[in-house]
Structure formats: structure tokens, C-alpha cells
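Each chain gets a letter, A, B and so on, in the order its sequence line appears, and its residues count up from 1.
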2 protein chains.
Amino acid sequence: MAAKRNAVTTEAPESSAPGEGTALALDSRLSKRVESVIPKKRHEALKWFGWGYNDSQFYGKDGIICFRGEKYPLGGCELPSFTKWVEKKFDLRVDITKQYPQLPRTYPRPVENAPFLHELKGTTQVDYSAEGIDRLVRCHGQTLNDIYSLWHHKFRRIPDLVVWPRCHDEVVQLVRLAHKHNVMLVPFGGGTSVSGAITCPQNESRMICALDTSQMNRLLWLNRENLTVCFESGIVGQDLERVLRSEGLTVGHEPDSYEFSTLGGWVATRASGMKKNVYGNIEDLVVRVRMVTPSGTLERECSAPRVSCGPDFNHVILGSEGTLGVITEVVLKVRPLPSVRRYGSLAFPNFEQGVLFMREVARRRCQPASVRLMDNEQFMFGQALKPEKSWWAGVVDAMKQRYVTSWKGIDLNQICAATLLFEGDLKDVQRQEALIYEIAEKFEGFPAGGQNGERGYILTFVIAYIRDFGLHQGIVAESFETSVPWDRCSLLCRSVKQRVVSECSKRSINYYTISCRVTQTYDAGACIYFYFGFRSTDVADPVELFEAIEHSARDEILSCGGSLSHHHGVGKIRSHWYRNAVTETGSSLYSAAKRHLDPKNIFALGNLLPLEEAHPTAEASPPPATPSTPPKAKL
Amino acid sequence: MAAKRNAVTTEAPESSAPGEGTALALDSRLSKRVESVIPKKRHEALKWFGWGYNDSQFYGKDGIICFRGEKYPLGGCELPSFTKWVEKKFDLRVDITKQYPQLPRTYPRPVENAPFLHELKGTTQVDYSAEGIDRLVRCHGQTLNDIYSLWHHKFRRIPDLVVWPRCHDEVVQLVRLAHKHNVMLVPFGGGTSVSGAITCPQNESRMICALDTSQMNRLLWLNRENLTVCFESGIVGQDLERVLRSEGLTVGHEPDSYEFSTLGGWVATRASGMKKNVYGNIEDLVVRVRMVTPSGTLERECSAPRVSCGPDFNHVILGSEGTLGVITEVVLKVRPLPSVRRYGSLAFPNFEQGVLFMREVARRRCQPASVRLMDNEQFMFGQALKPEKSWWAGVVDAMKQRYVTSWKGIDLNQICAATLLFEGDLKDVQRQEALIYEIAEKFEGFPAGGQNGERGYILTFVIAYIRDFGLHQGIVAESFETSVPWDRCSLLCRSVKQRVVSECSKRSINYYTISCRVTQTYDAGACIYFYFGFRSTDVADPVELFEAIEHSARDEILSCGGSLSHHHGVGKIRSHWYRNAVTETGSSLYSAAKRHLDPKNIFALGNLLPLEEAHPTAEASPPPATPSTPPKAKL
């Protein structure tokens with residue numbers, strides 16, 4: 001995946017941050033600059049109008065969908081099965097005449113705060129830009145709405161200025177200046193948010209300054225004895241892992257966005273990684289974290305592994321979604337690189353059997369690094385994406401063979417598949433494999449080959465490119481996710497899919513796909529991902545329509561006992577439900593913390609609570625004198 | 001340990017809490033009343049003047065220390081080795097003529113808030129008492145200072161009233177009334193705090209009401225599919241485990257206090273259990289929790305296993321130490337009872353080798369349910385406590401044998417020991433055992449028998465009784481704990497012991513014991529327990545002296561990179577350091593949350609921040625306009 005080779009250079013002592021900026025540093029002279037695959041001018045490598053690298057893209061040629069992009073195994077492939085799947089599913093022909101959008105010729109006129117700019121230039125060394133393209137590519141994340149707005153030049157508000165602090169101390173300076181001059185700040189990491197979290201609020205009248213963390217990406221120290229490492233927050237996942245790999249180590253945090261998303265973004269959204277079963281989710285990996293707020297730097301004073309020292313404010317920083325301050329430095333746990341990595345896959349007669357298998361694996365706590373279960377629709381979609389002889393065909397062959405000998409009543413439109421990734425010592429991996437296949441058999445599952453599993457995981461990073469191609473061809477598509485207790489898992493999957501079907505039917509949408517997968521398992525429940533897309537060629541505002549249906553689906557999720565989000569966060573697009581999710585008392589506690597840490601609301605992103613509710617003045621909203629009635633819970 | 005048999009009865013539907021009180025309940029008719037081993041009048045079973053059951057106690061007979069108490073395996077034993085150890089270590093003879101203290105004849109006159117009492121009696125069904133003994137036994141926890149103050153009738157302020165709410169709704173009523181009438185509330189669970197957390201503030205002028213949670217101890221529901229259970233917060237550990245064991249399940253949370261401490265107390269202090277390697281610490285076990293505050297009930301709306309939904313307020317409730325509200329109901333994870341439980345022990349030539357072993361076990365993440373490492377002093381103390389032929393002798397025999405054949409330069413005054421507890425399936429346990437003994441060998445450790453390990457664990461619950469006997473005989477002794485990164489572990493142990501030695505020397509204390517053990521291991525560090533005691537027969541105020549030395553030891557811990565507390569919490573006795581531990585920004589965020597949730601400071605316990613700092617009015621302490629300088633960190 002990594003475009004460039006590892007490039008770690010030791011930095012001269014004099015250029016490292018002095019004084020208060022080194023609180024998490026063992027010895028700042030040990031810090032290493034990391035050459036990133038993403039340049040400072042990010043649009044030179046990344047699409048301004050969509051997901052991923054400029055040189056990586058789905059496109060149509062001679063009526064066939066192809067993929068270009070050397071960074072991915074699918075690069076240079078023609079995809080006839082996928083073409084057929086798309087054409088049949090959406091009743092359309094691949095149109096190769098369509099153009100991707102052109103950059104706008106003009107950009108919104110910037111709001112300027114002259115005293116802020118004056119002091120920025122006069123008292124700091126912070127680099128900045130007011131160029132239109134620098135501003136445009138930092139005005140949004142990667143929601144369908146963001147991309148659609150870009151394509152149609154719909155953004156009224158984009159950052160008025162971009163700044164690139166190089167260390168914690170420069171962030172302290174910036175936050176101080178922004179607070180002093182009442183300038184709004186948007187902490188900008190990898191720009192991969194799918195919750196609207198970093199999208200500029202369109203009604204902000206103050207100057208908006210995008211604080212780009214990309215130049216804060218040093219490895220500050222590595223402690224092999226403790227297996228801990230300190231990075232600046234702006235490092236992107238692939239850079240972080242490349243640097244550690246060269247030291248024989250890994251953090252092991254691999255959200256699907258990890259090529260482009262940053263450490264700071266992971267903390268701010270409470271990210272989850274594909275291999276969390278071995279390495280943990282971000283909250284399990286973080287030992288210590290610093291966040292600069294207008295009221296000071298929030299951090300813990302010591303690096304002890306577990307403490308009982310009052311409320312744990314790491315968990316206030318985790319999930320703060322840019323609304324409370326800027327995350328600057330993070331101490332993470334690392335692990336030795338596993339000696340063995342193996343893939344596997346399983347097929348089950350139906351989704352419910354697959355869920356029972358997943359539940360049993362979780363009950364016995366024998367999850368491999370990753371285990372994912374796809375429903376039938378997604379299984380077929382996945383195999384269609386493969387350039388060679390399809391997985392599907394192979395599995396069907398095996399099913400048929402089995403069917404003759406021992407199986408009865410198998411419905412090929414019902415079967416589903418799980419992909420497996422094992423990491424560890426050879427002995428551990430072998431034991432895990434034996435146990436997993438033994439459990440699978442109890443639920444009528446059987447092995448469908450390691451190669452199939454591997455291809456499933458490799459596709460993960462390419463799938464994100466499909467959305468833009470779909471939009472280009474007149475299909476709007478996006479994923480959404482939740483977490484749910486085990487006893488509601490199958491019910492929730494069924495109900496949400498039914499709800500989407502009925503919403504489509506109500507709106508005379510005839511060509512669509514809705515599918516789901518179970519991507520994470522826990523002691524008490526699982527994470528479910530839904531993929532939904534429909535043909536929008538006849539629709540006036542396809543994104544509005546998509547959002548209306550997604551909104552219904554979320555209502556259905558909540559009424560089935562699912563959560564507002566497992567790992568994408570609340571952002572703006574789910575802020576409607578936040579108050580109910582944490583109850584009135586919780587949302588007012590969030591507001592109180594926000595008022596305290598950011599009294600002028602310079603981080604006015606409108607995440608979690610909608611902007612009009614997020615920041616009432618202290619006078620306008622005194623705490624209620626008597627306990628309020630919490631809303632009725634789902635369970 | 002459990003005195004009474006399991007007694008679960010189904011409760012009639014009409015008596016379960018209605019309406020908002022059932023938010024965490026699947027079906028309130030499923031709730032089961034649990035008959036507790038601790039009666040409502042707790043002093044009928046538990047000592048008013050010290051630790052544990054009335055019928056369990058160390059005492060002297062014919063110059064020999066003995067232990068009485070049927071509930072423990074040591075009950076009825078004479079302890080000649082222990083007697084010798086005590087007499088030699090502290091240069092004194094066991095005095096059997098001394099008396100345990102007598103109950104006071106009078107109690108401090110209660111402060112009365114007539115309107116509160118009037119409304120309590122008129123509008124609620126909550127049971128209450130103003131009897132002196134009920135008030136006295138709920139005025140304190142189990143610090144040395146608490147017990148010494150009891151013995152010497154030193155408490156000026158004790159609760160003016162005790163109330164026994166029976167469910168969440170009654171707690172809501174009580175908090176509403178207390179807030180309305182400005183009455184201070186002390187949430188009182190098992191009374192086992194060793195941080196001063198529940199000790200009444202001696203300068204409180206308002207009426208103090210102890211809110212005893214012991215009558216809120218129902219099992220509200222059990223969900224076998226999700227392996228989750230909901231208990232009211234007042235259930236004590238042994239009752240909780242007994243009820244679950246009868247269902248083939250366990251939570252597996254076993255702090256040393258678990259016979260008497262409550263679920264609510266575990267959450268409020270961020271407790272850690274002996275077997276956390278399998279079951280997790282309390283923060284890993286809690287799925288959902290309700291806390292009643294004057295500004296409403298704080299809780300999450302759904303039971304999904306992991307969410308990304310803004311700051312996680314469970315982690316504000318965890319560690320809140322009674323200062324923000326009353327924890328009423330908790331959803332916990334449960335596990336099937338393990339089929340196999342086995343003990344083991346290891347001996348190492350010295351403590352440093354033992355620490356290296358512990359570090360390697362953590363690095364390879366193969367910790368058994370429990371692994372503890374004792375230093376030489378503590379090892380000898382432990383073996384002295386055994387009534388039969390000592391473990392020590394057995395180990396020494398084995399050492400000598402080894403010595404002849406393969407060991408060189410072993411110093412019997414240097415060797416240390418680890419105890420092991422394995423739980424799980426037979427195969428898992430066997431694999432763990434093989435791996436642990438293999439790793440031990442790398443660090444010159446060798447197996448010292450399962451029986452020795454088992455006796456070590458069994459003694460855990462008896463050791464807590466020693467403190468009172470010591471006090472009775474003129475020895476003050478107490479433990480304190482911390483957590484620390486691996487690379488500072490040996491250094492910290494050495495430095496803290498040296499510091500205590502030097503503090504004793506400075507004060508001409510010649511007879512004392514200072515020892516340590518590593519009780520928990522994590523990826524990035526460990527928990528260390530210190531035991532310190534000295535002969536105080538010639539000292540005017542032994543507790544003051546003890547606290548001065550403990551204070552120095554804590555300074556030493558912090559300067560070695562250790563934490564303020566691993567699991568006992570901050571309470572009052574460590575509030576001096578809280579601000580530094582979480583930095584100015586953290587402590588002011590705590591204060592802001594406190595002001596918001598408890599604007600009249602009815603939970604004025606003085607934990608975390610000293611009382612005079614904890615609750616400045618909003619006007620007196622505006623958030624600083626510019627980021628403040630964080631104090632310099634240790635690492």
C-alpha cells in the first residue's frame with residue numbers, strides 16, 4: 001500500500017520542541033522526522049474531489065469497469081463480473097463518456113481577521129496559506145454529501161486560511177491566538193471523516209482557520225522496554241506502521257481508512273481497527289494523550305499503564321471530535337510484529353448460522369486478529385469484484401460437492417461467507433485455526449480457502465474508491481454502521497434491510513442494493529456494517545434522498561437496540577440523535593465541559609450537539625434544580 | 001468465604017420499581033432479591049471498630065498469636081511462626097492483657113434539617129435511622145486514621161442520619177430532597193474505602209446523611225445470550241458471586257475487599273480484581289451504569305458493547321468517588337464458570353529476576369488469571385503466617401537441592417516467590433502452565449508447588465485482619481499501592497523501600513517492616529503494593545507519623561514515574577497530589593463537571609480535590625483566558 005519507502009531521519013536537537021512541549025517526550029533529541037506519503041500540498045497526491053490517490057480510480061473502458069492504480073493489487077485489472085453485477089443490479093450501462101468534475105474557477109471570498117493574521121505573522125513561525133485550492137481540499141471530509149457538494153461547487157463556507165503547525169508548542173500558540181481574536185479552528189488530520197465532523201459549518205461568520213496537523217508527524221520516542229511509542233498526532237496510519245515495521249514493531253491499528261487517516265483523528269473519533277481482537281481499539285492502545293484547549297493542555301501526568309485517579313479524561317478526549325481542542329501527541333502501545341500471518345475463509349448455509357458462529361467464537365474468546373461475516377448480497381458483490389475466476393464459483397463447486405454427500409436444502413441465495421485473518425506465533429495460529437474450523441463445523445460452516453480470505457482483505461482498501469465511480473455513473477452509495485448486543489444482532493440486520501427495502505419501495509426506487517456484514521465481535525455484541533446504494537439517474541437531489549433513507553435506517557437501528565455509531569462517531573450527520581443517546585444529563589454534561597474548555601466556542605464544529613444547542617451561554621442554561629426524567633431506554 | 005447459602009427469591013412484580021427506575025431492566029418482574037451475608041444493621045455482623053466479621057480476629061493466647069473465625073481456613077489456628085516473626089521484627093512480646101476498644105457512650109449531637117426530615121417522612125417510603133451506632137459505623141472507611149480515630153473516639157462529625165433506599169427511584173427522591181434542602185449526602189456501600197473517601201468531612205456544618213446502598217442489592221436481570229447481568233449497586237462481592245455461581249456464571253472481579261465491598265464502590269473507585277487478566281478490571285466489566293446526580297441521571301441509552309458516541313461518560317462515573325452522585329444500577333459482563341482452577345508457585349534467586357519474569361509474561365500476554373511476585377521480606381512474612389510446616393522450609397529444601405546440582409551463589413536472603421492462579425478449560429490451563437514454567441526457567445525461576453500457591457491466595461482475605469491486631473499490640477501498619485511503567489518497576493521498588501528506611505532512620509524508628517509485591521501486570525507496566533509497619537509503642541501520635549512517612553513514600557513513587565493510585569483511588573488522603581496528577585486543566589475540568597452535576601455541592605466529600613478547592617463558585621473561577629502551562633511531567 002505504501003507508495004514510498006520508509007524514511008526516518010534523526011532530527012537535530014536544536015529543532016525539537018523545548019520546554020512545555022516535551023512533556024510526553026523521553027528525550028526530544030530522539031525524535032525522528034517521518035517522510036510522509038502525503039505531501040504538504042495534499043492535492044498533489046490526493047483527489048480534490050473524492051477518495052484516495054489521484055492515480056487510483058475506477059473507470060470504464062469499452063463498456064467494462066477497470067481499476068487503475070499501482071498501489072493496489074487490483075491496479076490495471078478489467079472487471080467483467082463487476083460490470084455485469086452493476087449493470088444488472090442498477091439496470092444501466094457503464095457510461096464512459098462522463099467526465100469527473102473540474103476544479104472551480106473561483107473560491108468563496110475569505111473572511112479575514114486582520115489582528116489575528118497580524119499576530120500570526122508577527123509572533124509565530126507557523127506556515128500558512130490562503131490559496132483557494134489549499135482551502136477547498138480542507139473544507140470537508142468524505143461523506144456522500146461532502147463529495148456531492150464538491151462536485152457541484154455547493155460549499156458556501158470553506159476555511160479562510162490554512163495553517164501548518166509543526167509541534168505541540170505551535171498548536172498552543174495557534175489556539176491562544178484564535179481564542180484571543182475569536183477565530184474558529186477546524187483541526188484537520190487526514191480528511192477521511194464520514195460523519196461531517198470536519199466539514200466547515202456553513203453559517204459561521206467568524207474567520208475559519210483549518211489547522212492542518214500533517215506537519216506534526218514525528219516519532220518523538222520509542223521505548224522498547226515498555227513497548228510504548230510517542231507520535232505526534234498528524235502522522236497517517238501507513239506512515240506510522242511503516243516506521244514501526246522497520247523497527248520490528250506494530251501498533252496494529254487498521255481502520256479501513258488507515259492509508260490516509262491520522263493518529264489524532266483516530267483518537268478524536270474513537271476509531272476501531274480491523275485487527276482489534278489482537279491489538280485493541282484505539283482506546284485500548286492509547287496510554288497517554290495531549291489535547292490543547294483554550295483553557296490549557298489536557299493530559300495525564302504519568303505513563304503508568306492503569307490508574308485510579310478520578311474520572312479518566314483520556315475518555316473525554318477520545319470521541320471529542322475536534323470540538324474541545326487539538327490533539328497533539330499520543331503515547332501508544334506497540335507489539336512485536338507477528339511471525340505468522342495467515343488468511344482463511346468459511347461458508348455458511350445462511351446468515352443466521354454465520355451469526356451463531358460469530359457469537360460462539362466471541363463467547364469462547366478465540367477470535368483471530370480479524371473475523372468478518374458477509375451476508376449473501378455482499379458475498380456476491382465481493383466475488384463480482386474479483387478479476388479472476390470468481391471465488392463464488394469455487395465456493396459453489398465446493399458446496400455442490402458437499403450437498404451431494406451430506407448437506408440438505410442448501411439455498412445458494414442464502415449462503416454467506418466469513419473471512420479470517422490470523423496473526424501470531426505459528427503455534428498460536430495453528431491452535432486458533434483448529435478451534436475456529438471446529439466451531440464453524442458446529443454451525444454447518446466449512447472452510448472455503450485461505451486465498452479467498454486474503455482477497456477479501458486486500459479488497460478492503462479498494463472498495464472505498466467505488467463510491468466516487470458510482471456517483472460518476474449515477475449511483476449513490478455509502479456505508480453506515482452500528483454496534484448491537486448479540487441477542488439483537490440477526491434481528492437488527494433483518495429489520496434494517498427490510499426498512500431500507502420498504503423506504504425504497506415507498507419512493508419508487510427500483511434499483512438498489514442493501515447488504516450487511518458483521519465486522520467486529522465483542523463479549524457482549526458485535527459491530528454491523530450496512531452498504532446501501534441506489535440508481536439516482538432519475539432523481540433531482542440524490543444525496544438528500546439517500547440521507548432521508550439512511551435517517552430511517554438509523555431510527556430502525558436505534559429501535560432495535562443498536563448504537564448511534566460503533567466507530568465513525570456522531571459528527572454532524574448523527575447529531576440529531578446524540579442527546580437521546582447520552583440522555584439529557586449526558587448532553588448537558590458535554591455542554592458544560594465544552595463551555596469550560598472552549599468558552600468562546602472557537603471549535604464550533606457542530607459535532608455531537610447541533611450548533612444551535614451546543615454552546616448556550618452559562619446563564620441561558622443553568623443546571624436543572626431537580627433531576628430530570630431520562631428518556632425511556634431501548635432495553 | 002460465604003457465610004450463608006445462596007438465597008435468591010423471585011420478587012412479586014408489584015414491588016419492583018416502576019417507570020424511569022427500570023431503564024436498565026429488561027423486565028423488572030425478573031428481578032431477584034438477594035439475601036446478603038451483611039445484615040441491614042451491619043454492626044450485628046461486622047466489627048464497629050475495624051476490619052471484617054465480628055467473629056473473626058487475631059488474638060493472643062499463652063503468648064502465641066492465634067486466629068479465630070470459622071469463615072476462614074486459618075480459623076482456630078495457632079501461629080507460632082508468625083508470633084516469632086512479629087516478636088523478632090518489632091522487638092516486643094505479644095500482650096494478651098490488652099483490650100479492644102469499647103463503644104462510646106455518647107455520640108456527637110446530630111445536626112438536623114427539619115424541612116428535609118419532614119419531607120423525607122411525609123413523601124417517601126425510605127427507611128432511616130438516627131441511632132448513634134448506625135451513624136457511627138457509617139462515618140468512616142478503613143484507613144489507619146479512620147480506625148485510630150474510632151478507637152480513640154476522635155470523630156467530631158459523623159452522619160446525622162442514615163437512610164436505606166431500596167431502588168433507583170428512591171435514590172432519585174433522596175437526591176432531589178437533599179438538593180432542595182441543602183443536605184450533604186455520603187453514598188455508603190461496603191465501608192471498605194482505604195482512601196478516606198467516605199469518611200465524613202469534619203468541618204461540614206450542614207446535616208450529613210449517609211445513603212446506605214445495602215438494601216439496593218437485587219439482581220435486576222440476567223441475559224445469558226449476551227452474557228450480561230444487571231445488579232443494583234449495593235450488592236457486595238461475595239453475594240454477587242454466590243448468586244451467579246448458582247447460575248454457572250461469574251463476573252470474576254475479586255478485589256481483596258470483595259467479601260464486603262460493593263459493586264457501586266468498585267465503580268466509584270475504579271477497582272481492580274485479582275483475576276483481571278481473565279475477567280478484566282471494573283472498567284472492562286462495566287457495560288452500562290446509572291448515576292443519580294442533582295442534575296439528573298447520567299447513563300448511556302443503549303447496551304451495545306462498544307460505541308463511538310462522543311466522550312465516554314462511563315469513565316466520568318468510574319472514579320467519581322462519590323463526589324458527583326450515587327451509582328444505582330450496573331450492567332456487567334459475566335463469564336461461564338471455568339472448568340479448571342489450579343494454583344502454582346515459583347521461586348526466583350532475587351526480586352529483579354522475578355520482575356524480568358513478570359515483564360516477559362506480560363510481553364507475551366500469557367498471564368494466568370493471577371500472577372503475583374513477592375519480595376524477600378514479604379515472602380518470609382507470608383510463610384510465617386502459615387500454621388503448618390512452613391512453605392519457606394519446603395522452598396529452602398528445594399533450593400538447596402538445586403543449589404548442589406546446578407545453582408551458584410544463591411542468597412537465601414534474596415530469593416523471592418511468585419504465586420500463580422490458572423483458570424479456564426483444562427487444555428488452556430495446561431498450555432498456560434507449560435508456558436509460564438518455561439518462561440520462569442529463563443529467569444532462573446523454578447516451580448515451588450501448587451499447594452504453596454493456593455495457601456498464598458487463601459491468606460489474602462485474612463491478611464486484612466492483621467492491621468487491627470497490630471494496632472492493638474502497638475504496631476501501626478498499612479499498605480499503599482501504585483502502578484508504573486515496566487522500565488521503572490525495579491527502580492521504584494528499590495527507591496521507595498530505601499526512602500522508607502531513611503525516613504524511619506531520620507525519626508529513630510528502629511523496628512519496622514517494609515516490603516513489596518507486584519500484583520498486576522499490563523502491556524506497559526505493573527501494579528506494586530507496599531506493606532509498611534512499625535512499632536509505635538513509644539510514639540505520641542503513631543498515625544500522624546505513619547502518614548508523614550507514607551507521604552514521603554508517595555513523593556518518591558511519583559518521582560520514579562509511578563501513579564497516584566492503581567486502584568484504591570485518590571480519596572482525601574491523596575488529594576494533595578491530584579491537581580498535579582491530572583494537571584491544572586484536568587482538575588479544573590473536574591471542577592466544572594462537579595459544578596454542573598452538583599451545583600450545591602451536596603456530595604461535599606472532599607475527595608480528589610481538597611474541599612476548599614473542589615467547589616469554587618463559577619464566578620470565582622472563570623476558565624483561564626489563555627492556555628496555562630502544564631507542570632513538567634515525570635517522563
Side-chain angles (χ1 to χ4, degrees), chain A residues 20 23 26 172 176 225-226 228 269-270 287 295-299 301-313 315-316 319-320 333 483-487 522-525 561 563-565 567 569-570 580-581 583-586 592 596 599 608 623-624 626-630 633-635, chain B residues 20 23 172 176 225-226 228 269-270 287 295-299 301-313 315-316 319-320 333 483-487 522-525 561 563-565 567 569-570 580-581 583-586 590 592 596 599 608 623-624 626-630 633-635:
Chain A
E20 66 153 323
L26 278 173
V172 171
R176 185 184 288 139
E225 176 74 10
N226 294 337
T228 49
T269 54
R270 293 180 65 86
V287 176
S295 295
T297 296
L298 191 59
E299 67 189 308
E301 185 66 357
C302 88
S303 292
R306 194 262 181 190
V307 298
S308 168
C309 189
D312 184 349
F313 294 128
H315 282 276
V316 172
S320 56
K333 303 197 288 194
S483 49
V484 64
W486 282 114
D487 63 344
Y522 297 89
D523 284 335
S563 66
L564 199 43
S565 168
H567 62 277
V570 179
N580 266 342
T583 75
E584 178 63 34
T585 309
H596 174 74
L608 304 177
T626 55
S628 60
T629 306
K634 301 292 177 296
L635 290 191
Chain B
E20 66 152 323
V172 170
R176 185 184 289 139
E225 175 75 10
N226 293 337
T228 49
T269 53
R270 293 180 64 85
V287 176
S295 295
T297 296
L298 191 60
E299 67 188 308
E301 186 64 358
C302 88
S303 292
R306 193 264 179 187
V307 297
S308 168
C309 190
D312 185 348
F313 295 127
H315 282 274
V316 172
S320 56
K333 303 197 287 194
S483 50
V484 64
W486 282 113
D487 63 345
Y522 296 89
D523 284 335
S563 66
L564 199 43
S565 168
H567 62 277
V570 179
N580 266 342
T583 75
E584 179 63 34
T585 309
Y590 163 73
H596 174 74
L608 305 178
T626 54
S628 60
T629 306
K634 301 293 176 295
L635 290 192

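- Interface summary for chain A: among B:H315, B:H567, B:R270, the most heavy-atom pairs under 4.5 angstrom belong to B:H315.
- The parts of A:L298 that come within reach of chain B are both its backbone and its side chain, each placing non-hydrogen atoms under 4.5 angstrom from that chain.
- Here the shortest heavy-atom pairing between B:K333 and A:D523 reads NZ-OD2, 2.7 Å.
- Closest approach of A:T297 and B:T585 over heavy atoms only: O-OG1, 3.1 Å.
- Closest of all the heavy-atom pairs between B:P311 and A:V316 is CG-O, 3.6 Å.
- Judged as a side chain to side chain contact (heavy atoms under 4.5 Å, CB included), and not counting sequence neighbours, the contacts of B:S563 are A:C302, A:A304, A:V307, B:T482, B:S483.
- Of the residues considered (A:V287, A:V484, A:T269), A:V484 shows the highest number of contacts with chain B, using heavy-atom pairs under 4.5 Å.
- Of all heavy-atom pairs spanning B:W486 and A:E225, the tightest one is CB-O, 4.2 Å.
- B:G586 and A:F313 get closest at one heavy-atom pair: O-CE1, 3.3 Å.
- A donor-acceptor pair under 3.5 Å is absent between the side-chain atoms of A:D487 and the main chain of B:N226, judged by distance alone.
- In plain terms, the two heavy atoms of B:A581 and A:C309 that are nearest each other are CB-SG, 3.9 Å.
- Remark: A:S565 engages A:E481, A:H568, A:R574, B:S308 in a side chain to side chain contact (heavy atoms under 4.5 Å, CB included) (not counting sequence neighbours).
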